[in-house]
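Just below is one structure, and these are the notes that go with it.
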Amino acid sequence: MDKIFEKPESIREKETHYCPGCGHGIVHRVICEVVDDLGIREKLIGIAPVGCAVIAYDYWNFDVTEAAHGRVPAVATGIKRSLPDRIVFGYQGDGDLGAIGTAEIIHAANRGENITIIFVNNTVYGMTGGQMAPTTLLKQKTATTPAGREQKMHGFPLKVCELLSVLPGVVYAERVTAHSPQNILKAKKAIKKAFENQIKGLGFSIVEVLSPCPTYLGLSPQDAVKWVGEELTKEYPLKIFKDIT
Amino acid sequence: MAKVKIDPEKCKGCGLCILYCPKGHIKQSKALNKKGAYPVGMTEKYDCSGCSFCAIICPDLCITIDK
């Protein structure tokens, strides 16, 4: 019998600590599939963020280091500059990349560092209890916006791909989603391209993955993926914002 | 026909595979696993085409498919 689907080599057997229906598990696996396809596991260095994915190094079967909150692009810059033959990627959430790490991501992108960033946007701070993140939608209820996010009080949702795509250092910026099998296959294609850009030495690539957080959206896992597909993609359109590769 | 293997002890019972199985051949179990979740399993007589949608959406890598 032929295997149609099995565990990628780059992911460990260990069970994840993520909640049922969490998108992180899917994105972890997709990255590992791409790493196996490209055969770069032995020269890959990942950087785990602070947030729900903080112990991603327990699940990935390649070299991974940890960065202080939001400082993934800075650590990735250091590693890539000192070891230019390695493939370096950063894995960040919306609180990590869009709030405390905004300065780091903008400057790393603007310098055109030859790194790959995978940005998982689930619109809340999952690790600390579902507080509002910069990417939370207007009127969305979270632990710190019990009546819904208001523009006058909390500002607008931050659109990272749109923001970064205008910088000359960025070669590739795409937004994808992990809410359905078809979209996960598209996400895999985008992540593969982001890694290939780095292998070719083209410059900074970012892939934003919209991901469900059923626990803090207050929805069942099935309703959460539907919400991502129907509501979240209205505010965050799925497209290639920049591709000058 | 493809053969689907689901690890009932790894499964957290999120049910995303049930939502996306085009043939509706995955069901939630009525018995708890060691984790305290209701794992999914295949229906008694299933006819799988091997589209892999269940395995692609599974966040916990519980599903392997052979053909």
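Chain naming here is simple, since letters A, B, ... match the order of the sequence lines and numbering starts at 1 in each.
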For this session: Measure distances from A/Glu6 to the heavy atoms of chain B and classify the residue's part below 4.5 Å as side chain, backbone, both or neither.
Result: both

Exercise. Is it the backbone or the side chain of A/Ala224 that comes under 4.5 Å from a heavy atom of chain B, or both, or neither?
Worked result: neither

Listed pairs under 3.5 Å, donor-acceptor, residues 54-62 of chain B side chains, sequence neighbours left out:
from, atom 1, to, atom 2, distance (Å)
B/Asp60, OD1, A/Thr16, OG1, 3.3
B/Asp60, OD1, B/Lys12, NZ, 2.9

Atom [atom1] of [X] and atom [atom2] of [Y]: how far apart are they, to the nearest 0.5 Å?
X: A/Ile184; Y: B/Phe53; atom1: CD1; atom2: CZ; value: 10.0 Å
X: A/Ile4; Y: B/Lys67; atom1: CD1; atom2: NZ; value: 5.0 Å
X: A/Asp223; Y: B/Leu19; atom1: CG; atom2: CG; value: 9.0 Å

Seminar exercise, completed: Within residues 21-31 of chain B, contacts to chain A at heavy-atom distances under 4.5 Å involve none

Problem set entry | Members of residues 38-46 of chain B whose heavy atoms come closer than 4.5 Å to chain A | none

Exercise. Between A/Glu15 and B/Lys35, what is the shortest heavy-atom contact and its length?
Worked result: OE1-NZ, 2.6 Å

For this session: For residues A/Gly21 and B/Cys14, report the shortest heavy-atom separation together with the two atoms involved.
Result: N-CB, 3.3 Å

Using a cut-off of under 4.5 Å on heavy-atom pairs, state which of [options] scores highest against chain B.
options: A/Ser220, A/Gly23, A/Gly25; result: A/Gly25
options: A/Glu13, A/Lys3, A/Arg29; result: A/Arg29
options: A/His179, A/His28, A/Lys226; result: A/His179

Problem set entry | Interface moiety of B/Tyr20 toward chain A, non-hydrogen atoms closer than 4.5 Å | side chain

Exercise. Chain A heavy atoms under 4.5 Å from B/Ala2: which part of the residue, side chain, backbone, both or neither?
Worked result: side chain

For this session: Quick one: list whatever passes ring pair (Phe, Tyr, Trp, His ring centres under 6.0 Å) with A/Phe241, sequence neighbours left out.
Result: none

Problem set entry | Within 6.0 angstrom of A/Lys189 NZ, more than 12 heavy atoms from elsewhere | no

Problem set entry | Best-contacting candidate, B/Thr64, B/Leu16, B/Ile65, against chain A by heavy atom pairs under 4.5 angstrom | B/Ile65

